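Data block below; observations after.
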Amino acid sequence: MNLKFNIGYRTVFGEELVLNVVDNDKLGSTKESQYRMSTVDGEHWVCQISLAKGQAPKVLRYYFSVHRAGVQSRHEWKTMLHTLELSSHRADFYNLFCRWADIPEESYLYSSAFTDCINRCRVEALKVSEFKKTVRLQVRAPQLRNGEKLGVVGSGDKLGNWNIDQALPMTEHNYNEWVVDLDADDYPQGRLEFKFVAFSEEGETAPMWEDGLNRTIDLPWMNEGELVSYDLTQAFFPLSNEKLAGTLVPVFSLRSKRSFGVGDFGDLRMMIDFVAATHQRVLQILPINDSTTTHTWTDSYPYSCISIFALHPQFVNLHQLPGLKDEQLRAKFAAEREELNALPQIDYERVNKAKLAYLRVLFEQEEGREMMRSAEFKAFFAETESWLVPYAQYCTLRDEYGTADFNTWKDHRVWNEGDRKQLSNPRSKAYGEVAFFYFVQFVLNTQMQGVHEYAKSKGVILKGDIPIGVNRNGCDVWTEPKYFNLDGQAGAPPDDFSVNGQNWGFPTYNWNEMLKDDCAWWVRRFQNMSKFFDAYRIDHVLGFFRIWEIPVEAVHGLLGQFVPSLAMSREEIEAYGLHFQDDFFLKPFIADWVLDRVFREHAQEVKETYLNHAHDDLWEMKPAFDTQRKVERAFEGKTTEKDIWIRDGLYALISNVLFLRDRKNPELFHPRISAQFGFTYEALWDSDKAAFNRLYNDYYYRRNNHFWYSEAMKKLPKLVQATRMLVCAEDLGMVPDCVSWVMSELRILSLEIQSMPKDPSVRFGYLSRNPYRSVSTISTHDMSTLRQWWDEDYERAQAYYNSMLHRGGAAPHPLPGWLARDIVSRHLSSPSMLCVLSIQDWLAIDEDLRLADANAERVNIPANPHHYWRYRMHLNLEDLIGNKDFKQNISELVLQSGRK
């Protein structure tokens with residue numbers, strides 16, 4: 001069997017096209033075979049390959065790429081590969097006329113969010129044809145809605161003579177891609193004239209013609225046993241864009257009458273029911289990965305996961321498991337469940353201790369042993385063994401040594417691949433020591449995958465969250481330390497959330513190492529997420545352009561620098577008219593007037609205890625206190641107002657510099673973020689301040705744009721195309737211009753918050769200007785809720801009331817339900833594809849349902865690195881689902897806005 005591939009692509013000198021045939025084996029690994037193509041004019045490229053007919057696959061998948069000097073420089077969109085079904089029984093020669101496929105503008109319609117949840121595509125194999133000579137038409141039609149099919153109609157009896165009722169039905173052989181085989185002998189004139197039509201299977205809607213002129217194809221001379229395939233331009237229909245509404249709620253915040261003091265995967269099913277019942281189509285949650293390092297409440301931070309694969313044991317739905325045989329234990333756990341479930345907030349430590357104890361008892365029962373012997377567990381283990389085995393050993397050692405800091409472990413400071421065999425053998429002692437953690441993850445994975453399937457059956461998109469970082473003492477770092485830089489801390493520069501910046505404590509990524517294997521660690525991470533979700537939010541997408549890296553000896557984020565970035569030389573700095581002074585610019589500027597202003601009556605005590613006199617009226621930090629970490633240790637356990645005042649003042653002194661040395665090249669420098677608010681800047685001459693401002697603005701807003709664009713494009717395309725999940729990104733903070741370039745190019749949905757406009761010339765964003773490819777929301781888990789925001793700043797609320805809501809008079813306080821409903825309605829009416837509101841902001845519209853204390857609804861305070869994540873809904877899901885008035889209220893808002 002011979003296959004001839006033809007494609008039009010205009011190359012430049014030195015470029016060539018390559019055909020890449022992709023083969024996926026039964027284990028899921030991918031193998032690609034490459035074939036160089038030939039051309040006579042640099043525009044029309046041809047490649048012919050031969051396959052043994054008895055050994056040829058039923059389906060061939062492939063893509064084209066551009067190579068220069070043997071290195072790939074560009075490739076097609078790989079999420080949707082070209083699909084060729086070798087289904088013509090008589091064909092021994094396939095002549096394929098292909099089209100180059102870049103990421104389409106409507107790539108979101110190819111995501112599993114739309115194909116599996118909203119539009120419910122039903123992919124099926126193309127039936128075998130028996131024609132002597134075959135013409136195949138292949139076209140993509142992503143706009144079709146649930147229950148619609150594609151047909152072809154045109155001139156000639158076989159194409160229905162333009163009678164739409166006689167349209168020839170096509171087969172959806174790949175997501176949104178339709179194909180039909182025609183008998184070439186039915187068209188002796190050698191010409192096809194046709195159009196595509198969309199029609200409803202149930203006849204609920206009238207058939208619809210595609211836009212544009214009639215399509216025509218002049219067939220080539222064909223021999224018997226030949227198939228000619230035409231890859232045609234997309235069929236476009238005059239349909240409006242789909243807009244969807246949804247809810248954001250952390251799983252741990254859910255409450256039902258049956259839950260165990262924390263939201264679980266059973267509650268998540270009930271929340272899906274509520275979302276579906278109110279005509280919403282999206283349910284967004286926070287990360288659900290295991291974050292256990294200390295077994296204390298500090299582990300409640302969901303963005304500090306110890307494993308990018310393992311799920312958190314607290315989310316297990318115990319009611320879905322076999323019961324405990326011991327009646328006393330059953331009664332004990334039932335009483336504890338009732339007590340914990342009655343609490344207004346989560347008691348993280350008691351909940352997790354109780355659930356793990358329950359799981360341990362079940363594991364040791366006969367039912368637990370049966371689960372471990374089941375075919376389902378064996379299939380799960382085979383699929384997840386690569387990460388599950390080291391994770392289980394990590395958890396065992398963490399509990400054995402009483403710490404997650406693996407640097408203190410005696411014999412296992414790094415994962416030993418040689419241990420895998422014994423840890424995977426059910427007959428070995430090592431297996432028995434870690435098998436409990438296999439069991440827990442099997443239960444969690446089974447339940448969460450069941451929730452995912454349930455959401456799809458209800459037409460609800462489950463949207464997950466991918467944190468930008470991992471815990472530095474976690475299993476991922478322990479297993480594959482080469483991917484991480486442990487001499488720095490990831491964070492964020494100062495923003496509306498924190499004037500000192502944020503220090504998350506995560507290690508930064510060693511991207512040079514990750515790029516060596518095409519970001520395989522990230523690809524595995526995203527592919528694992530796709531088992532549970534059909535959409536995801538990339539937390540802090542700016543980290544893929546550059547990360548804010550803070551020295552390990554710093555507490556605040558002010559001493560960080562963007563990595564990678566183009567640091568400045570002394571000569572470049574002086575070219576702005578600013579004479580470079582090492583001591584003045586690079587060391588903390590501590591003068592008498594600075595100390596008096598910061599410490600006031602405590603200034604003399606600070607001088608005597610923490611400073612050495614340098615000269616004149618200048619001071620320097622004593623070596624015992626010359627870093628923020630040293631100061632932090634010195635004040636550990638000291639909580640009086642005076643102690644906190646002095647501690648924070650010393651932090652400020654240490655960060656009071658104008659420039660920072662580059663971490664890799666000490667002869668290059670970065671202007672310190674927000675230096676204009678520091679004392680060194682205040683001490684400059686006015687002319688030097690003007691020069692520094694010019695330098696500062698160039699560095700942070702112009703100098704690195706193209707460099708950061710190229711950095712992001714090395715990573716994000718691989719990750720975006722690793723799965724078919726719908727990609728959304730949190731693009732808040734100090735956003736360089738290049739972020740929108742990359743997100744537009746990769747068709748990533750942006751996050752739009754009216755109170756945090758991306759246009760610096762306005763105070764509040766205009767909802768009507770939201771791009772379609774975006775997620776609109778009022779608040780996130782890191783922000784004040786709508787009700788909190790309204791009462792935090794009366795002047796701001798008044799300005800919003802008058803200028804955005806176009807209402808006169810004084811703004812009412814606290815926020816009344818009718819006004820919250822108006823704000824929600826306006827957000828739902830925005831052009832954004834998705835409008836996802838927090839459960840707190842939905843409840844704000846109903847004064848009878850919402851929590852009386854608005855401040856008790858806050859999920860996180862980013863400025864506090866030790867925040868306790870324990871917010872829980874005050875309403876049971878059973879009562880929420882049973883409240884017809886509230887459901888009707890939401891349904892009306894959603895439907896009136898044109899969302900569904």
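Note that this is a predicted model, so its numbers are computed, not measured.
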**Message:** With a 3.5 Å distance limit and no angle check, can you tell me whether Arg858 reaches the backbone of Met783 through a side-chain donor-acceptor pair?
**Reply:** yes
**Asked** Between Glu513 and Lys516, is a salt bridge (Lys or Arg N to Asp or Glu O under 4.0 Å) present by the stated rule, with each step listed?
**Response** CA-CA 5 Å; Glu513 194 66 35; Lys516 289 179 182 178; 3.3 Å; yes
**Prompt:** Hey, does the side chain of Asn704 reach the backbone of Ser565 with a donor-acceptor pair shorter than 3.5 angstrom?
**Reply:** no
**Message:** Between Phe533 and Lys463, is there a side-chain heavy-atom distance shorter than 4.5 Å?
**Reply:** no
**Message:** Checking Tyr871 now: which residues fulfil ring pair (Phe, Tyr, Trp, His ring centres under 6.0 Å) with it, not counting sequence neighbours?
**Reply:** none
**Asked** So Phe580 and Phe659, would you call those rings parallel, tilted or perpendicular, with 30° and 60° as cut-offs?
**Response** tilted
**Request:** Evaluate side chain to side chain donor-acceptor pair (under 3.5 Å) for Ser774 paired with Ser832, printing each intermediate quantity in order.
**Result:** CA-CA 5 Å; Ser774 70; Ser832 299; 2.8 Å; yes
**Prompt:** Between Asn510 (side chain) and Lys482 (backbone), is there a donor-acceptor pair under 3.5 Å?
**Reply:** yes
**Prompt:** ring pair (Phe, Tyr, Trp, His ring centres under 6.0 Å) with Trp789: which residues, sequence neighbours excluded?
**Reply:** Tyr800
**Request:** Among Asp299, Thr298, Asn473, find the residue that satisfies the side-chain hydrogen bond (donor to acceptor under 3.5 Å, both in side chains) test when tested with Thr293.
**Result:** Asp299
**Prompt:** Between Val499 and Pro494, is any pair of side-chain heavy atoms under 4.5 Å apart?
**Reply:** no
Side-chain polar contacts of residues 538-545 - donor-acceptor pairs under 3.5 angstrom, sequence neighbours left out - could you list them?
from: Asp539; atom 1: OD2; to: Ile468; atom 2: N; distance (Å): 3.1

**Message:** I'd like to know if Arg694 pairs up with Glu572 as an ion pair, taking the criterion as any Lys NZ or Arg NE/NH1/NH2 lying under 4.0 Å from an Asp or Glu carboxylate oxygen.
**Reply:** no
**Message:** Please determine whether side chain to side chain donor-acceptor pair (under 3.5 Å) holds for the pair Ser740 and Ser744, giving the CA-CA distance in whole Å, both sets of side-chain angles, and the decisive distance to 0.1 Å.
**Reply:** CA-CA 6 Å; Ser740 62; Ser744 177; over 6 Å; no
**Asked** Does any N or O in the side chain of Glu752 come within less than 3.5 Å of the main-chain N or O of Ser776, such that one atom is a donor and the other an acceptor?
**Response** no
**Prompt:** Taking side chain as C-beta onward, heavy atoms only, is Glu792 less than 4.5 Å from Arg796?
**Reply:** yes
**Prompt:** Under 30°, 30 to 60°, or over 60°: which ring-plane class applies to Trp478 and Trp409, parallel, tilted or perpendicular?
**Reply:** perpendicular
**Request:** Over 60° means perpendicular and under 30° means parallel, so classify the ring planes of Trp869 and His781, tilted if in between.
**Result:** tilted
**Request:** Considering non-hydrogen atoms only, spot the tightest contact between Ile644 and Thr639 and give its length.
**Result:** CD1-O, 3.6 Å
**Asked** Can any side-chain N or O of Arg472 pair as donor or acceptor with the backbone N or O of Phe484 at less than 3.5 Å?
**Response** no
**Request:** Mind checking salt bridge (Lys or Arg N to Asp or Glu O under 4.0 Å) for Lys718 and listing every partner two or more places apart, or none if nothing turns up?
**Result:** none
**Request:** Enumerate the residue pairs fulfilling side chain to side chain donor-acceptor pair (under 3.5 Å) with a member in residues 726-738, sequence neighbours excluded, ordered by first and then second residue.
**Result:** Asp731-Lys758
**Fill in**
Sorted by chain and residue number, the salt bridge (Lys or Arg N to Asp or Glu O under 4.0 Å) partners of Arg546 (sequence neighbours excluded) come out as none
**Asked** With side chains defined as the heavy atoms from C-beta onward, is the minimum distance between Leu311 and Phe532 less than 4.5 Å?
**Response** yes
**Request:** Kindly write out the residues that satisfy salt bridge (Lys or Arg N to Asp or Glu O under 4.0 Å) with Glu682, not counting sequence neighbours, or none if the list is empty.
**Result:** Arg597
**Message:** For Arg647, is there an ion pair with Asp643 - N to carboxylate O distance below 4.0 angstrom?
**Reply:** no
**Prompt:** Does the ring of Tyr681 carry Lys689 above it, NZ/CZ under 6.0 angstrom from centre and within 45° of its axis?
**Reply:** yes
**Prompt:** Does CZ in Phe677 sit with more than 12 non-hydrogen atoms of other residues, nucleotides or ligands closer than 6.0 Å?
**Reply:** no
**Prompt:** Got a sec, which residues hit side-chain hydrogen bond (donor to acceptor under 3.5 Å, both in side chains) with Glu711, two or more places apart in sequence or on another chain?
**Reply:** Lys714
**Message:** Once side-chain hydrogen bond (donor to acceptor under 3.5 Å, both in side chains) is applied, do any residues pair with Thr780, and if so which ones, sequence neighbours excluded?
**Reply:** none
**Asked** Within 45° of the ring axis of Tyr699 and under 6.0 Å from its six-membered ring centre, is that where the NZ or CZ of Arg703 lies?
**Response** no
**Asked** Roughly how far, to the nearest 0.5 Å, is the CZ atom of Arg537 from the CD1 atom of Ile285?
**Response** 12.5 Å
**Request:** Determine, stepwise, if the pair Met621 / Ile590 fulfils side-chain contact (heavy atoms from CB on, under 4.5 Å).
**Result:** CA-CA 9 Å; Met621 301 298 299; Ile590 308 174; 3.8 Å; yes
**Message:** For Ser779 versus Thr785, what's the shortest heavy-atom pair and its separation?
**Reply:** OG-CA, 4.0 Å
**Fill in**
Which of Trp619, Phe599, Phe625 passes ring pair (Phe, Tyr, Trp, His ring centres under 6.0 Å) with Tyr610? It is Phe625
**Approximate separation, where rounding is to 0.5 Å, of Asn289 CG and Ser291 OG** = 8.5 Å
**Message:** Any heavy-atom pair between the side chains of Gln788 and Asn855 that's under 4.5 Å?
**Reply:** yes
**Request:** May I ask you to decide if the ring planes of Trp548 and Tyr700 are parallel, tilted or perpendicular, using 30° and 60° as cut-offs?
**Result:** tilted
Could you list the donor-acceptor pairs under 3.5 angstrom formed by side chains in residues 550-563, with sequence neighbours left out?
from: Gln561; atom 1: OE1; to: Arg663; atom 2: N; distance (Å): 3.0
from: Gln561; atom 1: OE1; to: His670; atom 2: NE2; distance (Å): 3.2
from: Gln561; atom 1: NE2; to: Arg661; atom 2: O; distance (Å): 3.0

**Request:** Apply side chain to side chain donor-acceptor pair (under 3.5 Å) to the pair Tyr301 and Asn860, showing each step before the final yes or no.
**Result:** CA-CA 9 Å; Tyr301 183 22; Asn860 180 41; over 6 Å; no
**Item:** Residues Ser838, Asp841; criterion side chain to side chain donor-acceptor pair (under 3.5 Å); working and verdict
**Value:** CA-CA 5 Å; Ser838 69; Asp841 291 344; 3.3 Å; yes
**Request:** Mark yes or no for whether Tyr868, through its side chain, and Tyr348, through its backbone, hold a donor-acceptor pair below 3.5 Å.
**Result:** yes
**Test item: Gln754 side-chain N/O and Phe764 main-chain N/O as donor-acceptor pair under 3.5 Å** = no
**Message:** Whether the side chain of Thr479 engages the backbone of Cys475 through a donor-acceptor N/O pair (distance < 3.5 Å, no angle test) should be reported.
**Reply:** yes
**Request:** State whether Arg570 and Glu667 are salt-bridged, where the test is any N-O pair (Lys NZ or Arg NE/NH1/NH2 against Asp/Glu carboxylate O) under 4.0 Å.
**Result:** yes
**Asked** Listed by chain and number, what are the side-chain hydrogen bond (donor to acceptor under 3.5 Å, both in side chains) partners of Asp759, not counting sequence neighbours?
**Response** Ser761
**Donor-acceptor pair, side chain of Asn485 and main chain of Gly488, under 3.5 angstrom** = no
**Item:** Min side-chain heavy-atom separation Glu574-Leu578 under 4.5 Å
**Value:** no
**Request:** Assess the pair Trp741 and His706: is the distance between their ring centroids shorter than 6.0 Å?
**Result:** yes
**Request:** Name the orientation class of the two ring planes belonging to Trp504 and Phe506 (parallel below 30°, tilted from 30 to 60°, perpendicular beyond 60°).
**Result:** tilted
**Asked** Are side-chain heavy atoms of Val606 and Leu611 found at a separation under 4.5 Å?
**Response** yes
**Request:** Report the residues that fulfil salt bridge (Lys or Arg N to Asp or Glu O under 4.0 Å) with Arg413, sequence neighbours left out, ordered by chain and then residue number.
**Result:** none
